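The next block holds one structure in the form of structure tokens; read it before the comments.
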2 protein chains.
Amino acid sequence: MANRDLSEALRQIPTRVSAQPSAAERVADALREQIVNGALRSGTRLTEETIGAALGFSRNTIREAFALLIAERLAAREPNRGVFVATPTAGDIRDLYATRQLIEPAALERGPGFSDEAVARLREVVEAARVCRERGDVAGVAQGNQEFHRSVVRLAGSRRVDHLMEGVLAEMRLVFHLMGDDPGFHEPYLDRNEVIIRDLEAGDRAGATAALRAYLADAEEHLLRALHHP
Amino acid sequence: MANRDLSEALRQIPTRVSAQPSAAERVADALREQIVNGALRSGTRLTEETIGAALGFSRNTIREAFALLIAERLAAREPNRGVFVATPTAGDIRDLYATRQLIEPAALERGPGFSDEAVARLREVVEAARVCRERGDVAGVAQGNQEFHRSVVRLAGSRRVDHLMEGVLAEMRLVFHLMGDDPGFHEPYLDRNEVIIRDLEAGDRAGATAALRAYLADAEEHLLRALHHP
DNA sequence: ATCGCAGGATTGTTGAACAATATGGCGTGC
DNA sequence: GCACGCCATATTGTTCAACAATCCTGCGAT
């Protein structure tokens with residue numbers, strides 16, 4: 001029946017039009033915010049009862065929220081001990097950059113979303129970060145830098161890959177907090193984004209890709225060195 | 001204290017040495033198996049009470065299992081209506097292949113795990129699939145083909161990317177079941193894997209990558225066409 | 001046939017309960 | 001003083017029961 005198809009279609013398109021997120025999702029949102037902001041530091045124990053009482057939800061709901069955060073790798077469960085804010089290891093950092101080295105250059109070099117307008121949007125993102133630097137807005141620089149890489153990955157044109165990158169960037173923020181948020185950490189990378197975008201504007205996509213690869217390799221080494229000298 | 005470091009380290013290494021998975025994970029495993037095997041078809045409703053009674057677990061545990069499957073995109077929640085086995089749409093298929101087009105060629109062309117031994121392992125996988133074809137083992141051919149692509153992605157050397165690919169392949173199986181599991185579907189692709197591996201053995205990594213890209217483009221079109229003529 | 005409306009079923013969420021496991025303190029023996 | 005074993009306590013893992021909110025179904029009225 002045509003009506004069946006219609007209701008099916010309506011259901012597929014907007015998974016939720018304006019439906020409020022479930023309680024578990026709201027709890028997860030609140031916790032995620034605190035974690036990526038650094039308010040909840042790596043290694044912090046997330047006690048079910050404490051959090052439930054603090055946010056006004058039952059243990060079962062908190063538990064569902066934990067499951068979401070664990071799936072995002074922002075938290076880790078230690079059986080019969082509890083859930084903790086994740087503390088990325090050197091191995092985790094290497095894995096993050098192995099992922100980024102695979103995805104970001106590939107998206108930049110062959111992403112189907114590439115176009116003059118896309119390059120213009122990337123330029124805007126870099127400029128916004130530069131304004132933040134001139135204002136001394138350290139957090140803004142970091143955020144702008146993340147937005148640049150997020151936008152690069154978006155060129156791949158895949159929701160799934162975007163989602164993966166979202167998780168990568170969230171875990172990167174955890175890594176930065178773990179190192180104590182050195183204020184000057186992100187600053188030098190702005191100029192390297194500038195080089196990449198200039199290559200793109202000059203039509204040199206391969207050159208931009210090579211520059212991005214070098215960027216990622218240096219950033220990884222930078223972080224790993226910082227991790228061993230805390 | 002050194003002892004603190006030790007217990008920390010011991011905890012990091014083997015997340016669980018021999019610990020049995022939790023009840024929720026076991027339920028999720030059972031359901032996942034049924035889903036990717038095709039025993040639970042796309043669109044099937046997963047009622048909390050029914051499944052709980054069938055497997056002997058409480059509603060809360062079932063709910064946690066559902067959360068896992070939903071995170072893997074093998075199931076979808078429709079608020080206040082229930083959880084259903086996911087039914088991939090044409091858009092989902094396009095997204096799957098956008099992801100594969102990004103990841104697989106990149107892993108093959110620049111993955112740090114590439115080596116003569118890795119090529120030899122890929123050769124073995126292809127040969128195993130070929131044996132299945134000669135035996136008329138259709139399921140074996142499909143499985144061998146998946147194993148080939150899984151192995152290609154493994155060249156990237158990232159757990160995270162491997163995990164992404166695991167989800168992609170699981171959803172691919174859902175797509176195949178959705179189309180009715182045409183017995184001859186995977187057969188032609190074996191020869192294309194053969195071409196790829198021959199390029200690799202000849203030292204032509206770029207050629208193999210190009211062949212892989214063409215493979216993926218054709219497979220995507222093949223599937224999308226089949227979807228519109230069911 | 002369309003609309004509205006009650007009745008029943010299922011989900012979303014809560015609260016309480018209990019076993020299993022981990023943590024920390026205490027005493028004991030060396 | 002310190003290593004060891006033991007017990008009290010706290011927390012997790014899981015179950016069960018309950019209730020409101022929402023959705024689906026069928027029936028009757030228009």
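Just so we're on the same page: letters track the sequence lines, and every chain starts at 1. These figures come from a predicted structure and were not determined experimentally.
In this model, the phosphate group of C:dT14 is approached by a side-chain N or O of A:Thr61 to a distance below 4.0 Å at OP1 or OP2. For A:Arg77, a side-chain nitrogen or oxygen approaches OP1 or OP2 of D:dG13 to under 4.0 Å. Between A:Arg63 and D:dT12 there is no side-chain N or O to OP1 or OP2 distance below 4.0 Å. At the phosphate of C:dG15, neither OP1 nor OP2 sits under 4.0 Å from any side-chain N or O atom of A:Arg59.
Across the interface with DNA chain C, nearest-nucleotide mapping of A:Glu64 and A:Asn80 shows A:Glu64 to be the residue nearer the 5′ end. The nearest heavy atom of DNA chain C to A:Gly56 and to B:Leu46 marks one nucleotide each, and the one closer to the 5' end goes with B:Leu46.
Considering only the side chain of B:Phe57, D:dT15 comes nearest among C:dG15, D:dT15, D:dT14. Listed candidates were C:dT21, C:dT13, C:dT11. Nearest to the side chain of B:Glu48 is C:dT11. The side chain of B:Arg81 approaches D:dC23 more closely than any other nucleotide in the set D:dC23, D:dT11, C:dT13.
Taking atom CD of A:Glu78 as the reference point, atom C1' of D:dA10 lies 16 Å away to the nearest angstrom. The nearest whole Å value for the distance from the CD atom in B:Glu49 to the C1' atom in D:dA17 is 12 Å. What separates CD1 of B:Ile51 from C1' of C:dT10 is a distance of 13 Å, to the nearest Å. The separation between A:Arg26 atom CZ and C:dG12 atom C1' is 11 Å, rounded to whole Å. In this entry the distance linking CG of B:Asn60 with P of C:dA16 reads 15 Å, nearest Å. Whole-Å rounding puts the B:Glu25 CD to D:dG13 C1' distance at 12 Å.
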Original post:
Under the side chain to side chain donor-acceptor pair (under 3.5 Å) criterion, do B:His149 and B:Tyr215 qualify, and how do the steps go?
Top reply: CA-CA 11 Å; B:His149 291 274; B:Tyr215 170 120; 2.8 Å; yes
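The heavy-atom pair separating A:Asp95 from B:Ser158 by the smallest distance is OD2-OG, 3.1 Å.
Comparing the start and finish of the helix from C:dA1-D:dT30 to C:dC30-D:dG1, five pairs each, the helix axis swings through 10°, to the nearest 10 degrees.
Of the charged side-chain nitrogens involved, none lies within less than 4.0 Å of a carboxylate oxygen, so that B:Glu117 and B:Arg121 do not count as a salt-bridged pair. With respect to the salt-bridge test (charged N to carboxylate O, under 4.0 angstrom), the residues B:Arg159 and B:Asp162 do not qualify.
Between B:His222 and B:Phe185, the ring-plane angle classifies as parallel under the 30° and 60° cut-offs.
Note that CZ of A:Arg63 and CG of B:Asn60 are 9.0 Å apart. Values are rounded to the nearest 0.5 Å.
When each of A:Val36, A:Leu40, A:Leu68 is tested with A:Leu31 by the rule side-chain contact (heavy atoms from CB on, under 4.5 Å), just one qualifies, namely A:Leu40.
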